[in-house]
Amino acid sequence: MPRWRFCLTGIILGVLSCHFLQLASAQMTDPFEVDALQAVRRALKDTGKNLNSWKKTDPCVSNWTGVICLMDPNDGFLHVQELRLLNMNLSGKLAPALGLFSQMTILNFMWNNLTGSIPKEIGNLITLKLLLLSGNQISGPLPDELGSLSNVTILNLDNNNISGPLPKNFANMTSARHFHLNNNSISGQIPPELSALPQLLHFLLDNNNLSGYLPQEFSRMPNLRILQFDNNNFEGVLGTADCKELFLI
Ligand SMILES: *[C@@H]1O[C@H](CO)[C@@H](O)[C@H](O)[C@H]1NC(C)=O
Ligand SMILES: *[C@@H]1O[C@H](CO)[C@@H](O)[C@H](O)[C@H]1NC(C)=O
Ligand SMILES: *[C@@H]1O[C@H](CO)[C@@H](O)[C@H](O)[C@H]1NC(C)=O
Ligand SMILES: *[C@@H]1O[C@H](CO)[C@@H](O)[C@H](O)[C@H]1NC(C)=O
Ligand SMILES: *[C@@H]1O[C@H](CO)[C@@H](O)[C@H](O)[C@H]1NC(C)=O
Ligand SMILES: *[C@@H]1O[C@H](CO)[C@@H](O)[C@H](O)[C@H]1NC(C)=O
Ligand SMILES: *[C@@H]1O[C@H](CO)[C@@H](O)[C@H](O)[C@H]1NC(C)=O
Ligand SMILES: *[C@@H]1O[C@H](CO)[C@@H](O)[C@H](O)[C@H]1NC(C)=O
């Protein structure tokens with residue numbers, strides 16, 4: 001057989017397999033995100049067996065529970081857009097691998113039994129809009145890195161065991177409308193810098209261990225409607241020691 005025929009066959013096979021790969025990727029989760037989901041799964045304890053579907057081959061194609069995906073025409077892969085895992089009786093921890101999803105917009109682990117701390121890697125999710133971790137037993141500090149989440153509108157971390165200070169660089173979360181941080185053990189002074197948040201509507205800080213003073217600047221925030229701060233250790237509050245809640249409508 002002349003050598004050119006081998007070459008021609010090789011070229012045809014090459015073109016065919018290339019075409020085949022493109023077709024295949026149209027129905028696949030980004031392999032990098034498959035690995036990340038498996039790491040997320042390994043850190044959780046699924047006592048209620050609600051994540052049994054997280055064993056089948058492809059997360060987006062085989063419809064893993066709570067994994068909502070979107071096709072990105074730029075790379076042809078399915079990407080995780082939302083993790084909807086509220087009320088699933090999950091314990092264990094949030095894995096640092098949660099920071100590996102390039103198109104994540106909603107992270108929802110509300111009302112489970114998660115322990116451990118909030119991984120600083122979640123600050124890498126620059127596309128994130130909602131960070132919902134209310135009603136767990138998450139402890140440790142609020143990572144400074146969350147300040148990078150400039151598209152987050154709702155930060156619900158209430159009813160956990162979070163301690164340490166409120167980071168001043170949360171002032172960089174310029175889309176934030178709701179900060180629900182009540183019922184934790186957050187301590188120290190409320191940073192005056194946070195009064196620069198242009199969109200903030202609800203700032204709930206009641207039932208924590210905050211001390212110092214409530215910055216005067218908060219009374220001049222353009223959109224703030226509810227500022228709730230009862231059951232803390234403040235020294236004096238806008239001059240009214242027994243004022244617990246401000247409804248600034
Ligand atoms: C949640 O898990 C605990 C064990 O950790 C179990 O006792 C309880 O029945 C579970 N609840 C639900 C609603 O699955
Ligand atoms: C995916 O699974 C959910 C339940 O987890 C179900 O409601 C939904 O219909 C499924 N979607 C497809 C396309 O199979
Ligand atoms: C948390 O765990 C306790 C005990 O294991 C269980 O009774 C309770 O239902 C769990 N709560 C949630 C929201 O999973
Ligand atoms: C942030 O939100 C805006 C408006 O929805 C959007 O145009 C922009 O792409 C988002 N940025 C990122 C990094 O997702
Ligand atoms: C979290 O805080 C609650 C209420 O303060 C407490 O009952 C619980 O033991 C704490 N859990 C952990 C894991 O620290
Ligand atoms: C906001 O982020 C920039 C870096 O992007 C940083 O220099 C600045 O200190 C941050 N603002 C606050 C109030 O932390
Ligand atoms: C917050 O904590 C207070 C005091 O411990 C408690 O009375 C209240 O029910 C808690 N709020 C929620 C929503 O659990
Ligand atoms: C609250 O903070 C004070 C110091 O300001 C500390 O002594 C106390 O243990 C803290 N309490 C809780 C419940 O974290």
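When a ligand or atom number is given, it counts from 1 through the structure's own listing order. Predicted model, so just to flag it, every value in this text is computed and none were measured. What you see below is based on every heavy atom in this structure, not just the backbone, and it leaves out hydrogens, waters and symmetry mates.
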Hydrophobic cluster membership, L90 vs I122, 4.5 Å side-chain cutoff =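 Yes: a chain of side-chain contacts under 4.5 Å links L90 to I122.
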
Which ligand 4 atoms, with their elements, are less than 4.0 angstrom from a heavy-atom of K129?
->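 By the 4.0 Å cutoff, the relevant atoms are 2 (O), 5 (O).
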
Under 4.0 Å from a heavy atom of T127: give me the atoms of ligand 4 that qualify, with their elements.
->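 So the atoms of ligand 4 that pass are 14 (O).
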
Taking N208 for its side chain and L181 for its backbone only, find out whether a donor-acceptor pair lies under 3.5 Å.
->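 Answer holds: yes.
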
Could you identify the single nearest non-hydrogen protein atom to [atom] and state the distance to 0.1 Å?
| atom | value |
| --- | --- |
| atom 10 (C) of ligand 7 | N183 ND2, 2.4 Å |
| atom 5 (O) of ligand 7 | N207 OD1, 4.4 Å |
| atom 12 (C) of ligand 7 | N159 OD1, 3.3 Å |

State whether the number of non-hydrogen atoms from other residues, nucleotides or ligands found under 6.0 Å of L70 atom CG is greater than 12.
->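 Yes, because the 6.0 Å sphere around CG of L70 holds more than 12 heavy atoms from other groups.
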
Student check: side-chain heavy atoms of L194 and L166 closer than 4.5 Å |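 They are in side-chain contact.
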
Are any of the side-chain heavy atoms of N136 and T115 separated by less than 4.5 Å?
->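 No. Closest side-chain heavy atoms not under 4.5 Å.
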
When the ring centroid of F218 is compared with that of F203, is the distance short of 6.0 Å?
->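 Yes, the ring centres sit under 6.0 Å apart.
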
Between the side chains of Q137 and N113, is a donor N or O closer than 3.5 angstrom to an acceptor N or O?
->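 The answer is yes; a qualifying pair exists.
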
Considering only heavy atoms, does Q103 approach ligand 4 within less than 4.0 Å through its side chain, its backbone, both, or neither?
->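 Under 4.0 Å from ligand 4, Q103 contributes no heavy atoms.
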
Can you figure out which of V152, L128, N151 has its heavy atom closest to atom 3 (C) of ligand 4?
->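 Looking at heavy atoms only, N151 sits closest to atom 3 (C) of ligand 4.
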
Do protein heavy atoms approach atom 14 (O) of ligand 4 to less than 4.0 Å?
->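 So atom 14 (O) of ligand 4 has protein heavy-atom neighbours under 4.0 Å.
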
Does atom 7 (O) of ligand 4 have a protein heavy-atom neighbour under 4.0 Å away?
->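 No; the ligand atom in question lacks any protein heavy-atom contact below 4.0 Å.
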
